[in-house]
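In what follows, a single structure is set out as structure tokens and then discussed.
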Number of protein chains: 2
Amino acid sequence: MDASALAYDAKGLVTVVVQDRLTGEVRMLAHANEDAIRATMTSGEGHFWSRSRGAPWKKGETSGHVLRVHEVWADCDRDAVVYLVDPEGPSCHTGAQSCFFERAMGGVEGRALPMLVRLEDALEARANS
Amino acid sequence: MDASALAYDAKGLVTVVVQDRLTGEVRMLAHANEDAIRATMTSGEGHFWSRSRGAPWKKGETSGHVLRVHEVWADCDRDAVVYLVDPEGPSCHTGAQSCFFERAMGGVEGRALPMLVRLEDALEARANS
């Protein structure tokens, strides 16, 4: 499907979930307009729309922490997409790897991580101990 | 952090990314108000707010496909959360495992999946062949 086939809202935006394509970690949540989706699909780097600044935004433009986008998938009603990425460096403006580090329920680690990644980390730690 | 500490928008909502806690697959994207977040955190089952119906909504109430929520993480600006879940059955109303099956760029499979899961699938297929 083409960028024009997405269901943009009244502000011309879709929601973007940025996910590490290797580990499955959700790195950040953002928004994109049709131009940003098209720029992402043609350049292979993550482009967005900043709602706070009302301006287009390429992740890493100033920080260098670009997102290499390998796949883009829309959901069933086409108002949200997943960017499957190889991230360069941390993805959060705070310097954290991911933006989802505020624990609200359950968990013990410093951020939201699927179990396969935790298992890998645990096995690696055991192998190195 | 408590449900009241999230940064709800003008409509009283935060965005919710529902992620399979084992595989890392992003299953769906939805919204929740403070009551839904609180109900999720106290019951351990995924609650939401339906923007189209203007009503609270518990996933699986009619379908039985409930989401067992083990962790809830908010992002740096607290206007989005990840529910890390064990899903019962498919998560999409279409019957698909995940809502993110509309391919827009890259990929070959039927839906957005992190590589670790694909690798596991490939190894399993090889072992069974």
Side-chain angles (χ1 to χ4, degrees), chain A residues 1-3 5-6 15-17 19-31 37 40-42 44 52 69-84 86 92-94 96 98-109 111-120, chain B residues 1-3 5-6 15-17 19-31 37 40-42 44 52 69-84 86 92-94 96 98-109 111-120:
Chain A
M1 62 181 296
D2 183 72
L6 293 176
T15 307
V16 183
V17 179
Q19 184 177 30
D20 187 308
R21 72 173 181 138
L22 176 62
T23 66
E25 182 181 16
V26 174
R27 306 282 288 199
M28 51 184 273
L29 191 127
H31 295 82
I37 293 287
T40 298
M41 287 167 61
T42 55
S52 55
V69 181
H70 289 258
E71 299 177 29
V72 177
W73 294 81
D75 71 349
C76 51
D77 53 6
R78 300 186 172 191
D79 62 358
V81 300
V82 169
Y83 288 177
L84 283 176
D86 286 338
C92 185
H93 76 285
T94 61
S98 131
C99 294
F100 291 90
F101 55 77
E102 298 269 21
R103 196 162 70 90
M105 171 198 155
V108 287
E109 298 278 334
R111 62 189 203 270
L113 279 181
M115 275 170 60
L116 282 177
V117 181
R118 296 193 186 178
L119 185 62
E120 192 185 24
Chain B
M1 63 181 295
D2 182 70
L6 292 176
T15 306
V16 182
V17 179
Q19 184 177 30
D20 187 307
R21 72 173 183 138
L22 176 62
T23 66
E25 182 180 18
V26 175
R27 306 281 290 198
M28 51 182 273
L29 191 128
H31 296 82
I37 294 287
T40 298
M41 288 167 60
T42 54
S52 55
V69 181
H70 289 258
E71 299 178 28
V72 177
W73 293 82
D75 72 350
C76 51
D77 53 8
R78 301 187 173 189
D79 63 358
V81 300
V82 170
Y83 287 177
L84 284 176
D86 287 336
C92 185
H93 76 287
T94 62
S98 127
C99 294
F100 290 89
F101 56 78
E102 298 268 21
R103 196 163 70 90
M105 173 198 154
V108 287
E109 297 279 337
R111 61 190 206 267
L113 280 181
M115 277 170 59
L116 283 179
V117 182
R118 294 193 190 181
L119 185 63
E120 193 185 28

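The chains referred to below are lettered A, B, ... by the order of the sequence lines, with proteins before strands, and numbering in each begins at 1. Excluded from the calculations below are hydrogen atoms, water molecules and symmetry mates; all remaining heavy atoms, backbone and side chain alike, are included.
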* Atom group of B/Val26 that falls short of 4.5 Å from chain A, counting heavy atoms -> both
* Structure fact -> Heavy atoms of A/Thr40 and B/Met105 approach each other most closely as O-SD, 4.1 Å
* Structure fact -> Closest heavy-atom pair, B/Pro114 versus A/Thr23, reported as atoms and distance to 0.1 Å, is CB-C, 4.5 Å
* How many angstroms lie between CZ in B/Phe100 and CD in A/Gln19, if you round to the nearest 0.5 Å? -> 9.5 Å
* Using non-hydrogen atoms and a 4.5 Å limit, figure out which bit of B/Leu22 sits close to chain A: side chain, backbone, both or neither. => both
* Structure fact -> Among A/Met28, A/His93, A/Arg78, the residue with the most heavy-atom pairs under 4.5 Å to chain B is A/Arg78
* Looking at A/Gly24, A/Gly106, A/Ala104, which one has more heavy-atom pairs under 4.5 Å with chain B than the rest? -> A/Ala104
* Hey, which of A/Asp20, A/Val81, A/Thr94 has the most heavy atom pairs under 4.5 Å with chain B? -> A/Val81
* Contacting moiety of B/Asp2, where chain A heavy atoms sit under 4.5 Å -> neither
* Asked: Is it the backbone or the side chain of B/Ser98 that comes under 4.5 Å from a heavy atom of chain A, or both, or neither?
  -> neither
* Checking side-chain contact (heavy atoms from CB on, under 4.5 Å) for the pair B/Ile37/B/Tyr83: CA distance, chi angles, key distance, verdict? -> CA-CA 10 Å; B/Ile37 294 287; B/Tyr83 287 177; 3.7 Å; yes
* B/Leu6 to B/Ala74 - nearest heavy-atom pair and separation -> CD2-CB, 3.6 Å
* A/Met41 and A/Met1: which non-hydrogen atoms are nearest, and at how many Å? -> CE-O, 3.9 Å
* **Winner by heavy-atom pair count (cut-off under 4.5 Å) against chain B, out of A/Ala96, A/Ala3, A/Ala80** => A/Ala80
